[in-house]
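Residue numbers begin at 1 in each chain, while the letters A, B, ... track the order of the sequences.
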Amino acid sequence: MAKGQQLQAPKGVSEYFPDRSNTFEYVRDCLIESAKNSGYQLIELPVFEDTELFKRGVGESTDVVSKEMYTFEDRGGRSITLRPEGTAGVMRSVIEHNLDRGQLPVKVWYSGQFFRAERPQAGRYRQFYQVGIEAIGLDDPEIDVEVIAVADRAFRALGLKNYSLEITSLGDKASRDAYTKVLREYIAKLSLDDETAQRAAINPLRLFDDKREEVKAAMQAAPTLMDYLTPESRESFERVKTLLTALGINYEVNKRMVRGLDYYTGTAFEFVHHGLGAQSGIGGGGRYDGLMAELGGAELSGIGFGIGVDRCVLACESEGISLPSTFTLDLFIVPMSIQTKAQSLLLAERLRESGLKVDIAYGDRSLKGGMKAADKSGARFSIVIGEDELASDLATLKNMKTGDGSSIKISTLHEKLRDYFPETIGDR
RNA sequence: GUGGUCGUAGCUCAGCUGGUAGAGCACUCGGUUGUGGUCCGAGAUGUCGCGGGUUCGAGCCCCGUCGAUCACCCCA
């Protein structure tokens with residue numbers, strides 16, 4: 001427990017340590033794997049950027065920018081901000097390094113920490129981990145569906161079932177402007193309290209997300225964006241739906257979906273898990289038409305998503321899914337005495353160099369203690385190294401699962417283990 | 001930023017209307033002079049989140065503070 005002056009982690013951060021860190025690692029890698037399988041390549045970016053990037057990219061009217069950013073001045077007097085989301089940074093890098101000059105679309109994935117200074121709650125942290133992808137330079141329903149499929153495939157690979165996909169179309173800028181005008185007129189006729197009215201003034205779409213029954217009821221009859229889509233937007237959205245069905249991906253059209261970042265246009269989607277608390281979105285994203293140009297780049301459209309790794313871990317736990325451990329050991333060595341510890345370490349290093357995963361019982365433990373350590377390590381085999389073994393070069397290789405032991409020559413242990421782990425042993 | 005609940009051993013928690021701490025799990029050692037998982041025995045562990053107040057006496061009551069948690073707001 002926290003004692004007096006004991007240091008503790010900053011408020012609202014999530015930490016993963018054994019054994020739970022294995023779950024985190026597995027989930028993250030699974031998401032990344034899915035992106036790689038669809039041809040996305042790594043883009044590794046800084047966690048802090050010029051504050052201006054987010055103000056222009058994400059939008060100053062958004063909550064994320066107006067009150068949730070970790071912003072500070074560096075020693076050169078520059079305003080720096082810890083990234084609250086990933087897309088703006090990717091765009092900046094693409095523009096800065098002319099990544100869009102070659103074949104399109106540019107397909108990249110990223111993963112890492114993001115920061116928002118919010119009040120923490122279930123599934124919402126001030127530092128959170130996200131895996132995301134972006135496909136830039138192509139406005140096409142097929143790529144929209146591919147992006148959605150990357151996320152859906154990853155969730156299925158994790159074994160998740162209790163989630164659903166919601167999609168909508170936010171239309172192009174023309175559709176959006178026409179609609180917003182009508183919606184503002186509708187909202188103006190409602191009698192709302194000051195705070196709510198202020199929220200509506202910033203972004204009228206927000207009211208669709210209000211949790212209060214009276215507001216929900218009032219918004220029930222509100223016009224929806226779907227009715228104001230241009231023919232092109234409508235046709236594109238129809239194609240997205242058709243393709244999702246063809247891929248066997250279930251979805252629900254949510255005409256009232258709200259996206260918190262200003263740059264979204266066209267296809268927008270959100271994966272919602274039903275076993276979490278109030279923060280139920282495990283991943284979401286959509287198309288952005290004006291973002292690149294806004295940041296000084298070409299007039300290129302793009303689409304991407306961000307998936308919350310922390311929330312996916314919680315989702316797996318809520319469904320009782322037990323993921324394979326990312327930590328595995330092939331062999332655990334138990335030295336009998338202080339005299340054999342050094343020899344054991346040499347043996348371990350030799351085996352490790354050939355690609356085996358090997359650990360040793362350190363400290364002056366009893367044989368029983370050493371074997372308990374071997375047991376808990378989860379290693380598939382154990383071997384006790386004592387004076388006798390070193391003198392005779394004979395030891396018992398024990399299968400920890402079955403309990404069977406077979407006598408082997410220590411000098412040929414490498415070859416013996418090669419039979420069991422052909423995939424891990426390299427030719428060195 | 002606003003509100004509810006909570007803060008006792010590494011973990012999960014018990015502790016009646018105030019009388020200075022306990023269980024299970026985990027851990028270490030032993031029962032089995034050199035082979036784990038089951039079983040049995042023994043042992044170690046806390047300034048009861050922190051600070052102040054009331055009291056002869058506070059884990060328990062009061063105030064503050066920090067943290068956690070859940071919800072609003074917002075979102076991954």
So [X], base contact, sugar-phosphate only, or nothing? Heavy-atom distance under 4.0 Å.
{"X": "Tyr125(A)", "result": "base"}
{"X": "Gly370(A)", "result": "nothing"}
{"X": "Lys372(A)", "result": "sugar-phosphate"}
{"X": "Gly12(A)", "result": "sugar-phosphate"}
{"X": "Glu85(A)", "result": "nothing"}
{"X": "Ala374(A)", "result": "nothing"}
{"X": "Gly132(A)", "result": "nothing"}

Would you measure the distance from the [atom1] atom in [N] across to the matching atom in [M] and give it in whole Å?
{"N": "G64(B)", "M": "G46(B)", "atom1": "P", "result": "32 Å"}
{"N": "C73(B)", "M": "C13(B)", "atom1": "C1'", "result": "34 Å"}
{"N": "A26(B)", "M": "A21(B)", "atom1": "P", "result": "27 Å"}
{"N": "U45(B)", "M": "G52(B)", "atom1": "P", "result": "26 Å"}
{"N": "A44(B)", "M": "A9(B)", "atom1": "C1'", "result": "11 Å"}
{"N": "U8(B)", "M": "U69(B)", "atom1": "P", "result": "14 Å"}
{"N": "U17(B)", "M": "A76(B)", "atom1": "C1'", "result": "49 Å"}
{"N": "G22(B)", "M": "C6(B)", "atom1": "P", "result": "25 Å"}

If [N] has a Watson-Crick or G-U wobble mate with both distances under 3.5 Å, name it; if not, just say none.
{"N": "A23(B)", "value": "U12(B)"}
{"N": "C61(B)", "value": "G53(B)"}
{"N": "G1(B)", "value": "C72(B)"}
{"N": "G18(B)", "value": "none"}
{"N": "C29(B)", "value": "G41(B)"}
{"N": "G67(B)", "value": "C6(B)"}

What is the minimum heavy-atom distance between Val106(A) and Asp100(A), and which atoms define it?
->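 Answer, listing the atom of Val106(A) first, then Asp100(A): CG2-CA, 4.0 Å.
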Roughly, in whole Å, what's the span from [atom1] in [X] to [atom2] in [N]?
{"X": "Lys368(A)", "N": "C39(B)", "atom1": "NZ", "atom2": "P", "value": "12 Å"}
{"X": "Leu367(A)", "N": "G36(B)", "atom1": "CG", "atom2": "P", "value": "7 Å"}
{"X": "Asp375(A)", "N": "G36(B)", "atom1": "CG", "atom2": "P", "value": "10 Å"}
{"X": "Glu166(A)", "N": "A76(B)", "atom1": "CD", "atom2": "P", "value": "13 Å"}
{"X": "Arg365(A)", "N": "G36(B)", "atom1": "CZ", "atom2": "P", "value": "13 Å"}
{"X": "Leu314(A)", "N": "U69(B)", "atom1": "CG", "atom2": "P", "value": "11 Å"}
{"X": "Leu394(A)", "N": "U35(B)", "atom1": "CG", "atom2": "C1'", "value": "16 Å"}
{"X": "Ile333(A)", "N": "G36(B)", "atom1": "CD1", "atom2": "P", "value": "18 Å"}

Examine [N]: is either OP1 or OP2 under 4.0 Å from a nitrogen or oxygen in the side chain of [X]? Give yes or no.
{"X": "Ser366(A)", "N": "G30(B)", "result": "yes"}
{"X": "Lys376(A)", "N": "C27(B)", "result": "yes"}
{"X": "Lys11(A)", "N": "A68(B)", "result": "yes"}

Does the distance from a Lys or Arg side-chain N to an Asp or Glu carboxylate O, for Asp152(A) and Arg156(A), drop under 4.0 Å?
->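 Judged by the 4.0 Å cut-off on N to carboxylate O distance, Asp152(A) and Arg156(A) do form a salt bridge.
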Carboxylate-amine/guanidinium proximity below 4.0 Å for Lys173(A) and Asp177(A) |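 Counted as a salt bridge, because a side-chain N and a carboxylate O are separated by less than 4.0 Å.
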Quiz question: going by heavy-atom distance under 3.5 Å, is there a donor-acceptor pair between the base of [N] and the side chain of [X]?
{"X": "Gln279(A)", "N": "A71(B)", "value": "no"}
{"X": "Arg124(A)", "N": "C73(B)", "value": "yes"}
{"X": "Gln121(A)", "N": "C73(B)", "value": "yes"}
{"X": "Arg119(A)", "N": "C70(B)", "value": "no"}
{"X": "Lys67(A)", "N": "G1(B)", "value": "no"}
{"X": "Lys401(A)", "N": "G36(B)", "value": "no"}

For Ser164(A), the option from His273(A), Glu252(A), His274(A) that meets side-chain hydrogen bond (donor to acceptor under 3.5 Å, both in side chains) =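 Result for side-chain hydrogen bond (donor to acceptor under 3.5 Å, both in side chains) with Ser164(A): His274(A).
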Partner of Thr326(A) by side-chain hydrogen bond (donor to acceptor under 3.5 Å, both in side chains), out of Thr23(A), Asn22(A), Asp29(A) =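 Filter result, single survivor: Asn22(A).
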Is there a salt bridge (charged side-chain N to carboxylate O under 4.0 Å, His left out) between Arg92(A) and Glu49(A) once you walk through the steps?
-> CA-CA 10 Å; Arg92(A) 192 229 78 220; Glu49(A) 295 270 5; 2.6 Å; yes
For the side chain of [X], starting at C-beta, report the closest nucleotide among [options].
{"X": "Glu389(A)", "options": "G36(B), C75(B), U35(B)", "value": "U35(B)"}
{"X": "Val384(A)", "options": "U35(B), C73(B), C29(B)", "value": "U35(B)"}
{"X": "Arg116(A)", "options": "G34(B), A76(B), A71(B)", "value": "A76(B)"}

Taking the nucleotide of RNA chain B with the closest heavy atom to each, which residue, Leu276(A) or Val13(A), is nearer the 5' end?
->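 On the 5' side of the pair lies Val13(A).
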Which residue lies more 5' along RNA chain B, comparing Glu270(A) with Ala395(A) via nearest heavy atoms =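 Going by which nucleotide is closer to the 5' end, it is Ala395(A).
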Any donor-acceptor N or O pair under 3.5 Å, side chains Asp172(A), Thr265(A) |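 Side chains of Asp172(A) and Thr265(A): no pair found under 3.5 Å.
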For the ring pair Phe271(A) and Phe155(A), is the centre-to-centre distance below 6.0 Å?
->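 Yes, they do, as the ring centres are separated by less than 6.0 Å.
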Strictly under 6.0 Å, is that where the ring centroids of Tyr129(A) and Tyr16(A) end up?
->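 No, the ring centres sit 6.0 Å or more apart.
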Would you call Phe128(A) stacked on A76(B), i.e. ring centres under 5.5 Å apart with the planes less than 30° off parallel?
->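 The base of A76(B) is stacked with Phe128(A) (centres under 5.5 Å, planes under 30°).
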